[in-house]
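The model shown is predicted, which means the values in this text are computed figures rather than measured ones.
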Amino acid sequence: MSEERVIYEPKAIEAKWQQVWADERTWEVANPGQPGFDDSKPKSYVLEMLPYPSGEPHVGHLKCYAVGDAIAHFRRRHGFEVIHPMGYDSFGLPAENNAIKTGEPPQVATERSIASFQRQFREWGISIDWSRELATHTPEYYRWTQWIFLQLFEKGLAYRTEAPVQWCPKDATVLANEQVVDGRCERCGTEVVQRKLWQWFFRITEYADRLLADFDRLESWPEHVITMQRNWIGRSEGAEVVFRCEEPELDFPVFTTRPDTLFGATFFALAPEHPELMRLVEGTPAEEEVREYVNRVGRESAEERGAEDREKTGVPLGRSVVNPVNGEQIPMFVADYVLMEYGTGALMAVPGHDSRDYAFAQKFGLPVKRVIEGSDPEVAIDDEGLPYPGDGPMTGSGRFDGKGNREAYTEIVDWLASEGRGETAVNFRLRDWLVSRQRYWGAPIPVVYCDACGEDGTAAIVPVPDDQLPVELPEVEDYAPQGKSPLAAAEDWVATECPRCGGPARRETDTMDTFVDSSWYFIRYLDPRNGEAAWDRAAAEHWLPVDQYIGGVEHAILHLMYARFFTKALADLGSLGVQEPFANLFTQGMITRDGAKMSKSRGNTVNPGEYVERYGADTARTYVCFMGPPERGGDWTDEGVEGVNRFLARLWRLCAEVEEKTVAGEVPDGELDGPARELRAKAHWAIDKATRDFQRGFQFNTVISAVMELVNDSYRLKDDLLAGRAEGGAVLRFATATAASLVFPFAPHLGAEIWERLQGGRVWEQSWPEADPALLVGDTVTLIVQVNGKLRDRIEADPEASKEDLLALARASEKVANYLDGKEVVKEIVVPGKLVNLVVR
RNA sequence: GCCGGAGUGGCGGAAUUGGCAUACGCGAUCGACUCAAAAUCGAUUGCCCUUGCGGGCUUGUGGGUUCGAGUCCCACCUCCGGCACCA
């Protein structure tokens, strides 16, 4: 090279290696029993959440796959057989909304977007096993989504019922509870309204306890994700207690976490949606007012009703129930602070010890009764110190008076249980998963309705038999929902034959929530071309669970909980041998720009393709890993990208010079001195640091900074090394190749190229380098000398020096002597190899 | 309100077990190269006082433990995320 300038041109390097990986199918792995299966290696399943293909990949995708790919490479080079597949979560609303707007069929836009993702994943050099690629919108895939649905149906885990559900008027579909955020549709932000509709549900509530208990089976999940799921499931222990209404004769069970306050119940409230409500008031003077109230509440949005400082409202029913602990008649109300979705839709109100009941009692002039001694000034409103939510001795509670409320709690429940009027109970906030959608672009729910097979004028639900799957999406003209699924318009498709009796029947026209598709894709990757079964049991057995899952924290509740539920249900069905799908979870933080979340409307989006074009994929990938700890967010800056590009270019130029001026060969592992000794030690330090930080929670930012230090030192020492003996050149070559080897998981093209030039062969076939522990100990250590805890001198010392030697060294320091002058040393602290602290008076 | 997480230079961040605070990168300043610029290479860069030598201060705030605290304990402030009339 000599005078000619060496320029880092990533385009050529990247194209070269991408071609190698494609031609040689480098990242493909075989299943047990297939040719090429390597049973000598332990397996590792590294998986990033599959992308939703809408438009072009954005910078969040780049980060997710850059992080996952680094992990995959690291594991491969630690001797693992790594399975690292990719697919597309390709059903869903955006493609359909686009279709409504433009008339372009959703499959066309979806497949165009998939092509763009495929191209960019290849341009980014992500090490994907392309032989396992899948897309959830293809009949080959959703055939098995439908099969799983039917398995759940047979087991009673999928069911159809009429229930009040959240309806998004804009998207004209129902939503799962999890998809309603602050009373608004998660996707479009429209306020949702409640409707009573016939819908399909998955019985996830049956798994609530196991979803909680099995957090213990996970190896490593971020604590906050577990906490969020735990809160979402919302398990409360308490009691179910029956309050009897004598006129009309009806039993009203309630759930309470405070059976110890039963003697303080002074009224009783029902949710406006309570099924027995109208029966209670029919033909009474209260009927009119109650009906109006219920209608008014029904018109309100979930957001209005859930508003924080909302004043309590309600209407007396003119009826009463009997408190089972003391026989008192207490008045009944309908009140909208009672939620039909939680507990039994009815509650016993204890205004003395619950602030909401207290507020209601105040408004309606109802009695407030103290049954537990004590006061909490933080919440107490009145002079009596009520309401009081805390613990204390019982009062006003008959024979329980004087006992601690915790003790009374158990006794009251036992007593009610013996009388058959109550029992301990557990309640969950978690609701069953509403999976039907009145939309086009999803997997059809594979059932038909047959009048002939039904009874009492209701049609029978008949599952579509396995050999008739998939139930393929029909083509339609108009994708716009009309309050019912657009599939309903495909009349030829809807009209079918009953698989049971052969008579005329109608297909279900709802499709499945796309979260159903993504709840099992990680299993399909293991056997993606299987036309006979959803997966081969042996393949699933071998690869599962996912050893490392990587994705955005926004899926902490929805996707991750649904996938856990599916895994457990499929295990119960005998189709899987694991209880948890994802042993380790890593959630990457969001990249912002100018301190704000990227959005088209704000105009602060980053198109990764542009940066890949300008600086190369290696720079873009390394940058997102270097910005900060990957689990945290970070702000994208062009200067930062340039800095990383500068570093890679610097490494590239170093390689060029080393290639020209040194010869390939082993590093002398014997005695070295001077810069050769120093740089060899630095290389081993970098190996050690990079390896530990990689393992310690994927701290890629410091892994990369260690490689930067190695490159910086190589520059600093290279002229000396090249001018000196041959060993110097060998060490420089070793240091440069080591830098390439360590940076490979982030910048795979450059890493591969430099390794090939300097050492020959494929870097990904090399074991991850190991630091020689003997070289990690320096020739000297810097002894910190403190006087009264303040740094006064640094002295180079022998790492093996004894405490006495170190003390003598410290006392011999002139700088230290100034501070000891005329003072008495009262204490000497010596930490061998580190510091001496002299305490003087 | 409840439950998490975080506060370190001009900026992103580092600091492994309680032991050199500010690694690495960005930005800035200066120098070399150049007619010049860019690129590159090298140097400097926490704050304050000081011509210099040198000294003092510094990890959101206040206290504590310790020979020694960014790190541990107590109280508080601020920001971010999640949940929120859940009986």
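Nucleotide B:rG27 forms a Watson-Crick or G-U wobble pair with B:rU45, both donor-acceptor distances falling under 3.5 Å. The pairing partner recorded for B:rA32 is B:rU40, the criterion being a Watson-Crick or G-U wobble arrangement whose two distances lie under 3.5 angstrom. B:rU59 is unpaired under the Watson-Crick or G-U wobble criterion, no partner having all donor-acceptor distances under 3.5 Å.
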Q: For ring pair (Phe, Tyr, Trp, His ring centres under 6.0 Å), just list the numbers for A:Phe243 and A:Phe268, CA-CA rounded to whole Å, side-chain angles, deciding distance to a tenth of an Å, and then say yes or no.
A: CA-CA 9 Å; A:Phe243 283 67; A:Phe268 192 91; 5.2 Å; yes

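Going from atom CG of A:Asn701 over to atom C1' of B:rU16 covers 14 Å, rounded to whole Å.
Across B:rC85, B:rC67, B:rC41, the shortest atom-to-atom separation from the side chain of A:Arg650 is found for B:rC41. Here the nucleotide nearest the side chain of A:Lys834, chosen from B:rU16, B:rG19, B:rC24, is B:rG19. Listed candidates were B:rC3, B:rG27, B:rG55. Nearest to the side chain of A:Thr227 is B:rC3.
Annotation: of the two residues near RNA chain B, A:Thr702 and A:Lys827, the 5′-most nearest-nucleotide partner is A:Thr702.
Using the six-membered ring where Trp is involved, A:Tyr337 and A:Phe360 have ring planes that are tilted, between 30° and 60° apart.
A salt bridge is absent between A:Arg421 and A:Glu240; no separation between the charged side-chain nitrogens and carboxylate oxygens falls under 4.0 Å.
Sorted by residue number, the members of residues 709-716 of chain A with any non-hydrogen atom under 4.0 Å from RNA chain B read A:Glu709, A:Asn712, A:Tyr715.
B:rG9 and B:rG62: their C1' atoms are spaced 24 Å apart (whole Å).
The phosphate of B:rA23 (OP1 or OP2) has no side-chain N or O of A:Gln699 nearer than 4.0 angstrom.
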